[in-house]
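One structure is given here, and the rest of the page talks about it.
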Amino acid sequence: MTGTNSFSVSRYGPERPGWARLFARDSLTRRLDWPILLAATALSLLGSLLVYSATRNRTELNQGDPYFFLLRHLMNLGIGIALMIATVWLGHRALRNAVPVLYGLSVLLALVVLTPLGATINGQRNWLVIGGFSLQPAEFLKISIILGMAMLLAARVDAGDKPFPDHRTVFQSLCLAAVPIMILLLMPDLGSVLAMVAIILGVLLASGSSNRWVFGLLAAGVIGCVAIWQLHILDEYQINRFAAFANPDLDPSGVGYNTNQARIAIGSGGLTGAGLFHGSQTTGQFVPEQQTDFVFTVAGEELGFVGAGLIIFLLGLLLWRACRIARDSTELYGTIVAAGIVAWFAFQSFENIGMTLGIMPVTGLPLPFVSYGGSSMFAVWVAIGLLQSIKVQRPMSA
């Protein structure tokens, strides 16, 4: 049938004229999870203000340009959103076929860090610096572990061969995750290792694997921590961080300085804070690495309990919507990917905020979407793209 009033059938249903197609019930625009998208955008934009406040007077860092870190943060955000759009366009199912390549590339980049091409930044040798551009492969390893384990654990279940992953499949997925973890321990990057352990636990729980694997992994983790400590694998600065966490009064002008100053900054904010760009601790540059690891202290001091609570609320909203996507997915692969992202974001947020409050040890993990850093920003927005793809490609209910 032809004519001006007839519509052809498109990927998302009957084709409609003009802007109506963007907001039709079966359109891509309507099927996106907008609360997640808006929460991630709000966190990133709020982070840009906090990063600017923390760096505008740091002439030794901003090369004399007060907008240096702000513009780079916004540029990273733009690239991150572009990566999210590309991920949604490709789809998590198409990326499932490319998992071996993505996993191999991310592991290769991590191995390069162990060569003379690796760089040490802020006491951590987990960076690649290429042409003035710094890259942290550990951030992309998190995505690779999620996708790789999901591919293995869901293969036979989604094909209808088995109701749950068998022990052999679980063992294979753990071996896949163990390779990047061993590389990170050689750097050493304990913070990323802890984040990956949280991801692995979340993936196993979502996959329906036997609880024996979960308890066994927890026991192995405890034994591994003891072994790492006894074998002196950690660098001295990492040992000092744990010592300062165990005893906050230990060397307050040395190893305990960061945590003490962070708590002073957050505590001075009160209910509504000193006002954006008016924090004495931030302006006086008392808190180290305030644009990256300790960016939450800027919110606590300058925006107070209200501003800090807003960040926690937005993170909670994002995690809640991601949990719903995991629950509503019609395939185990999508459920596992979404659950892995939830575990990643939840642990990293709790660890980052906790270390500024003194309830968690300092590990150098950024606050998702808020902290300055290109690698972290790119990775978390790719994760948002995966969540949106799982939501969009779920069959519509009648």
Is a side-chain donor or acceptor of [X] paired with a backbone partner of [Y] at a separation under 3.5 angstrom?
| X | Y | result |
| --- | --- | --- |
| Lys391 | Arg31 | yes |
| Gln348 | Pro366 | yes |
| His73 | Ser44 | yes |
| Asn62 | Thr55 | yes |
| Ser106 | Tyr103 | yes |
| Ser209 | Leu205 | no |
| Ser375 | Gln136 | yes |

As an exercise, state the distance from [atom1] of [X] to [atom2] of [Y], rounded to the nearest 0.5 Å.
| X | Y | atom1 | atom2 | answer |
| --- | --- | --- | --- | --- |
| Leu49 | Leu70 | CG | CG | 7.5 Å |
| Ser48 | Phe369 | OG | CZ | 14.0 Å |
| Thr169 | Asp166 | OG1 | CG | 3.5 Å |
| Ile146 | Ile200 | CD1 | CD1 | 10.5 Å |
| Leu310 | Leu315 | CG | CG | 9.5 Å |
| Thr297 | Met355 | OG1 | CE | 9.5 Å |

Query raised in the report: Taking 4.0 angstrom as the limit, do Arg321 and Asp33 come out as a salt bridge?
Result: yes
Query - Ring centre gap for Phe286 and Phe294 strictly below 6.0 Å - result: no
Query raised in the report: When the ring centroid of Tyr52 is compared with that of Tyr67, is the distance short of 6.0 Å?
Result: yes
Query raised in the report: Taking it one step at a time, do His278 and Glu302 satisfy side chain to side chain contact (heavy atoms under 4.5 Å, CB included)?
Result: CA-CA 6 Å; His278 292 91; Glu302 298 189 344; 5.8 Å; no
Query raised in the report: Considering residues, nucleotides and ligands other than Phe350, do more than 12 of their heavy atoms fall under 6.0 Å from its CZ?
Result: no
So, [X] and [Y]: side-chain donor and acceptor under 3.5 Å apart, yes or no?
| X | Y | result |
| --- | --- | --- |
| Glu301 | Thr282 | yes |
| Glu351 | Thr363 | yes |
| Tyr372 | Arg72 | yes |

Report task. Step by step, work out the side chain to side chain contact (heavy atoms under 4.5 Å, CB included) result for Gln291 and Leu61. Result -> CA-CA 11 Å; Gln291 76 277 14; Leu61 296 177; 4.1 Å; yes
Report task. On the 0 to 90° scale, with breaks at 30° and 60°, tag the His92-Tyr333 ring pair as parallel, tilted or perpendicular. Result -> parallel
Report summary line: Closest non-hydrogen contact found for Pro137 with Val113 is CG-CG2, 3.6 Å
Are [X] and [Y] connected, step by step, through hydrophobic side chains (Ile, Leu, Val, Met, Phe, Trp, Tyr) whose heavy atoms are closer than 4.5 Å?
| X | Y | result |
| --- | --- | --- |
| Leu314 | Val306 | no |
| Ile353 | Leu317 | no |
| Phe345 | Trp320 | no |

Query raised in the report: Given Ile183, which of Val107, Val193, Leu109 fulfils the side chain to side chain contact (heavy atoms under 4.5 Å, CB included) condition?
Result: Val107
Query raised in the report: Checking side chain to side chain contact (heavy atoms under 4.5 Å, CB included) for the pair Leu303/Ile311: CA distance, chi angles, key distance, verdict?
Result: CA-CA 10 Å; Leu303 303 179; Ile311 291 177; 5.9 Å; no
